[in-house]
Amino acid sequence: MQSKMLFRIQATPAAKKAIESLPRRTAGRFEQLRQELRSNGCKAGGYRLLSDDRTTPSTYCCKHLDRDWRVVTTFRTERIVRIVAIGRHDGPGFYAGLSSELGISSTGQRRDAKPGCCVGNWPSIGHDPNGYRYG
Amino acid sequence: MALLEAEELLDQVARERSTLSDAPTGDALNALNETFDRIETIARRLRDALSDVGGVSVEQAASRLNVTAPTIRKWIREDFLEPIPDRKPVEIDARSVVRVERILDKVRETYPAREWTRALGAFLHDRDLLAQDWAREGIEQAKRGEFVDL
């Protein structure tokens with residue numbers, strides 16, 4: 001039987017430092033995620049974040065780890081997962097602020113209508129000058 | 001507000017010109033490019049003259065972008081809008097107001113009326129997430145290619 005090819009996982013020094021100081025429960029969740037990323041690559045990466053200056057997808061994905069802990073990843077090639085950053089983001093607080101700032105109801109505005117991390121087969125086909133690969 | 005109009009005109013000329021750059025060459029195209037050159041020159045003079053007077057006030061930016069003044073101040077703190085240094089009361093660079101206006105317009109154009117607020121919420125959420133100190137530090141390291149194996 002042919003064994004499944006695993007993804008290589010890399011992290012920035014900042015992400016590695018954050019991983020080493022995660023609270024116990026969150027560390028357990030991260031270990032689960034690491035195994036999923038190793039087996040499934042971008043399929044385990046959560047959702048694709050939008051770019052900073054337009055409404056198109058960026059090269060970063062976000063996975064909700066535990067409570068308000070978030071993991072930001074990117075994919076250099078189809079077999080390498082790169083963990084860019086790990087930290088806490090007060091999503092509910094952010095959405096609550098929207099209602100007062102823009103008149104946007106905080107109800108139903110969760111980031112649920114979002115593209116998958118592998119949308120358009122990213123990162124399996126296509127190239128950009130920085131070496132990232134897109135669908 | 002005249003400054004904003006001049007800035008928007010310059011922005012629009014740049015956009016039209018980028019569309020033209022993909023078109024086949026010809027006399028008509030050359031004439032159009034020359035027209036754009038003249039419009040751009042006039043708009044730039046107008047913008048520069050108005051810039052000497054100052055930037056855009058918080059209230060003017062709020063009116064233009066159809067949000068409240070506190071939202072404008074928040075966007076300044078978050079570097080979404082760019083204040084002109086050493087101005088009291090606060091004045092905002094007109095270019096950043098036009099840039100934000102384009103983003104809001106694009107969101108409204110891209111999504112149906114009932115969904116654009118959701119799309120804007122998503123855009124601002126992701127922007128907020130990636131602006132966190134921990135995310136910025138990681139992204140900077142990633143851009144420099146600093147990775148270790150896990």
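Note that the coordinates shown come from a computational prediction; the quantities given were computed from them, not determined experimentally. Note on naming: letters A, B, ... go to the chains in the order of the sequence lines (proteins, then strands), and numbering restarts at 1 for each one.
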| When rounded to the nearest 0.5 angstrom, what distance separates OG1 in Thr12(A) from CD in Glu140(B)? | 11.0 Å
| request: State the CZ-CD distance between Arg82(A) and Gln141(B), to the nearest 0.5 angstrom. | output: 12.5 Å
| Within a strict 4.5 Å, meaning less than it, do heavy atoms of the Asp128(B) and His89(A) side chains meet? | yes
| Do Ile84(B) and Trp75(B) share a hydrophobic cluster (ILVMFWY, side-chain heavy atoms under 4.5 Å, transitive)? | no
| task | Indicate yes or no: at least one non-hydrogen side-chain atom of Ile9(A) is less than 4.5 angstrom from one of Asp149(B). | result | no
| query | Between Val72(A) and Trp134(B), is any pair of side-chain heavy atoms under 4.5 Å apart? | reply | yes
| If every non-hydrogen atom of Ala135(B) is compared with every non-hydrogen atom of Ala85(A), which pair is closest and at what distance? | CA-CB, 3.8 Å
| remark: Closest heavy-atom pair, Asp126(B) versus Tyr47(A), reported as atoms and distance to 0.1 Å, is OD1-CE1, 4.2 Å
| query | Contact part of Ile19(A) toward chain B, heavy-atom cut-off under 4.5 Å: side chain, backbone, both or neither? | reply | side chain
| At a heavy-atom separation under 4.5 Å, does Arg88(A) approach chain B through its side chain, its backbone, both, or neither? | backbone
| Do Leu150(B) and Lys16(A) have side chains that get closer than 4.5 Å, going by heavy atoms? | yes
| query | Are the side chains of Ile139(B) and Tyr60(A) in touch, meaning some heavy atoms are under 4.5 Å apart? | reply | yes
| said: To the closest 0.5 Å, what do you measure between CD (Gln132(B)) and CZ (Arg70(A))? | reply: 10.0 Å
| Does a sphere of radius 6.0 Å around CZ in Arg67(A) hold more than 12 heavy atoms from other residues, nucleotides or ligands, not counting ones at 6.0 Å or beyond? | yes
| note | Of all heavy-atom pairs linking Leu129(B) and Cys62(A), the shortest is CD2-SG, 3.6 Å
